[in-house]
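In listed order, ligands and their atoms are each counted from 1.
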Amino acid sequence: MDIFRKLGAGAKFDFQRFRQDAQKLKIIKTDTSHNTKSLDFFGTNQNESAPEPSSVEKVSPTTQNETVKEPGKKRKRKLDDEIEDDSNEESESDGEYTELQLLGSLRSDIKGDKSNVKRKKKKKKVSASKLKEQHQEKINHFRNQHKINVYGTDIPDPVESFQQLCDEHVFSSKIIENISESGYKAPTPIQMQAVPVMLAGRDIMACAPTGSGKTAAFLLPILHQLKGPRKLGFRALVLAPTRELAQQTYRECLRLSEGLGFRVHIIEKAETARKKFGRKTSQKFDILITTPNRLVYLIQQEPPVISLKNIEWLVIDESDKLFEEGKLGFREQLGAIYKACDGPSVRRAMFSATFAHDVEEWCKLHLDNVVQVYIGARNSAQNTIQQELVFCGSESGKLYAFRNIIQKGFEPPVLVFVQSKERAKELFHELIYDGVNVDVIHADRTQKQRDNVVKSFRSGHIWVLICTELMGRGIDFKGVNLVINYDFPNSAVGYIHRIGRTGRAGRSGRAVTFFTENDSVLLRSIANVMKEAGCPVPEYMLKINKPNKKQKRQMSQTNPDRKTIRTVLKEEIMKSRLKRQNMNKRKFKERQQSQKTKTSQT
Ligand SMILES: Nc1ncnc2c1ncn2[C@@H]1O[C@H](COP(=O)(O)OP(=O)(O)OP(=O)(O)O)[C@@H](O)[C@H]1O
């Protein structure tokens, strides 16, 4: 606004009074280095006498020391522009701004301006909070769309695309290229949210359905944050419950870090590593992927073979499994490793498709300002899996049910879960006899044999793979079409992970679970998981009594006794049927005899 036109020429300017008032209104910088001369717009030294009104103008710090000449037409325009710019600048900036104006009736203008400035600032504040609100609404809508549930404070916004990692998080083009080479067109929901959280250096507890890309979700931020190879020893550590899963994560890490120069290491054999590693050799690596027991063996050597002092990221994959206690659990090793990762900048990431309540509570207590991320309903099965329950009457009925599936025709590859390695061997011999293209994997086989079986299954040379819980978690076989739970799982969590070997990366899958009367204790839990995922379940199953804690604990620690898996031959069936008939006849006669005796006595 050009206030000078408003006043007209000739108004007397009481400069001293102006300065006092202006300072009260804090609209000028009280910088004593500026004497009145520097405020003279005409470049002549005038003490205290105000220049002619038409010549006085707003002075921004940038032009404060400039000597501005008598405004000619051209100059006037420029000045107007400056005023325009300055006023714009004023509404944008906070007010490191010196504004010289004439006194007298100007006070109202000053107040007017002041209230203008206040109004603008208030509007700016209102518009800023409005903008923030709108942004938050957009983020909430996006999260709802992708079933991303978050808990914690100051949670970073999710990313919608991998390109955004480039634009906003300055991911190297090489990582983006590796992502694209892996065939990943867009981030999965867990990747959308977990990656920015880890990039913000936050501890995270992430729960997402099986096959939803959790591995890349924790690898990508680590590869970005480690920047490149350094000779500082291991700076990232990923723990997995089984060697096969560690191998798989190792391969994914190599794929995503291709061309970045990182030294990624997997501990093949603890004893070999003990001999091969020295303080120096382990210095040259950056990322370690291993199972807890192998690592604990090495860090508990005297002196420790591997140092975890420089670990910046400790990732615990399949966390709830690694938290399990008892002989099948890893809790002790996990504790030792957790303590050894005591560097100043260590952050922790827990990933799993299921989180038991106690693990969740532990994370809230022990992780620093943890962000919890849940995709979809908690502890739910992947909804791309068609789940079925088949009642088989007895253990021998299961073999018939299995052969029935084969006769009806199935689409390989198929994974078959049994509860023990003994039963895996028994079933293997039955199916080999049937001429099925089958193999078996369990802890009694050597690592070489296990690797070869996994390779044959992945390459399609083997169509049916019989396995125990060893393959129950994390293992990513591309395109498994069918999972058969030949033996009932011993928990709902185990069930979710087993069937999660199919229906991965958005593909559909099918899971068939055999059960007999002996499995009725856990039937209701499994039926609930199925119902949650939208699969039809008979009403009666949901009404079965819940197992009590003792029963649940017993089932999770010991496998139920089951009859040997063996084809009962026809003559054997006939023989047992005859035996049963004779027994029934004998019982019938006994009943008749006792009735006769009773009648004769009366
Ligand atoms: N953004 C993506 N787009 C497409 N496929 C992906 C993406 N991220 C990962 N995948 C693929 O999805 C499959 C499952 O990934 P991953 O094994 O990491 O799942 P997960 O969530 O860890 O499963 P689980 O809970 O069973 O361990 C893999 O084949 C992986 O290559």
Numbered atoms and elements of ligand 1 in range of Pro209, under 4.0 angstrom, heavy atoms: 21 (O)
Atom 17 (O) of ligand 1 [closest protein heavy-atom partner, distance rounded to 0.1 Å]: Arg504 NH2, 3.0 Å
Centroid-centroid distance, Phe515 to Phe391, less than 6.0 Å: yes
Under 3.5 Å side-chain donor-acceptor pair for Gln193 and Tyr374: no
Phe477/Phe457 aromatic ring centres below 6.0 Å: yes
Pair Trp362 + Tyr338: ring centers closer than 6.0 Å: yes
Sub-4.0 Å heavy-atom approach of Lys478 to ligand 1: yes
Qualifying residue for side chain to side chain contact (heavy atoms under 4.5 Å, CB included) with Asp203, from Asp368, Leu314, Val346: Asp368
Note: Lys425-Asp444 ion pair, threshold 4.0 Å (strictly below): yes
Under-4.0 Å salt bridge between Asp451 and Arg458: no
Gly211-ligand 1 polar pair, N/O distance under 3.5 Å: yes
Salt-bridge criterion met for Glu324 and Arg331 (N-O under 4.0 Å): no
Per-atom contacts of ligand 1 with Glu318, taking only distances under 4.0 Å to non-hydrogen atoms: 27 (O)
Ligand 1 atoms in contact with Arg501 (distance to a heavy atom under 4.0 Å): 26 (O)
For ligand 1, the portion of Arg473 having any non-hydrogen atom under 4.0 Å away: neither
Ala186 N/O to ligand 1 N/O under 3.5 Å: yes
Distance filter under 4.0 Å to Thr215 heavy atoms, resulting ligand 1 atoms: 16 (P), 17 (O), 18 (O), 22 (O)
For Ser212, atoms of ligand 1 separated by under 4.0 Å from a heavy atom: 19 (O), 20 (P), 21 (O)
Of the listed options Gly213, Ser182, Ala206, Ala353, closest to atom 15 (O) of ligand 1 (non-hydrogen atoms): Gly213
Arg235 bridged to Asp286 by N-O distance under 4.0 Å: yes
Heavy atom of the protein closest to atom 13 (C) of ligand 1 (residue, atom name, distance): Asp476 OD1, 3.6 Å
Closest protein heavy atom (residue, atom, distance) for atom 4 (C) of ligand 1: Tyr184 CD2, 3.7 Å
N/O separation below 3.5 Å, Gln191 to ligand 1: yes
Distance filter under 4.0 Å to Ala505 heavy atoms, resulting ligand 1 atoms: 12 (O), 13 (C)
Where ligand 1 meets Lys214 - atom numbers and elements under 4.0 angstrom, heavy-atom basis: 18 (O), 19 (O), 20 (P), 21 (O), 22 (O), 23 (O), 24 (P), 25 (O)
Asp487/Lys398 salt bridge by N-O under 4.0 Å criterion: yes
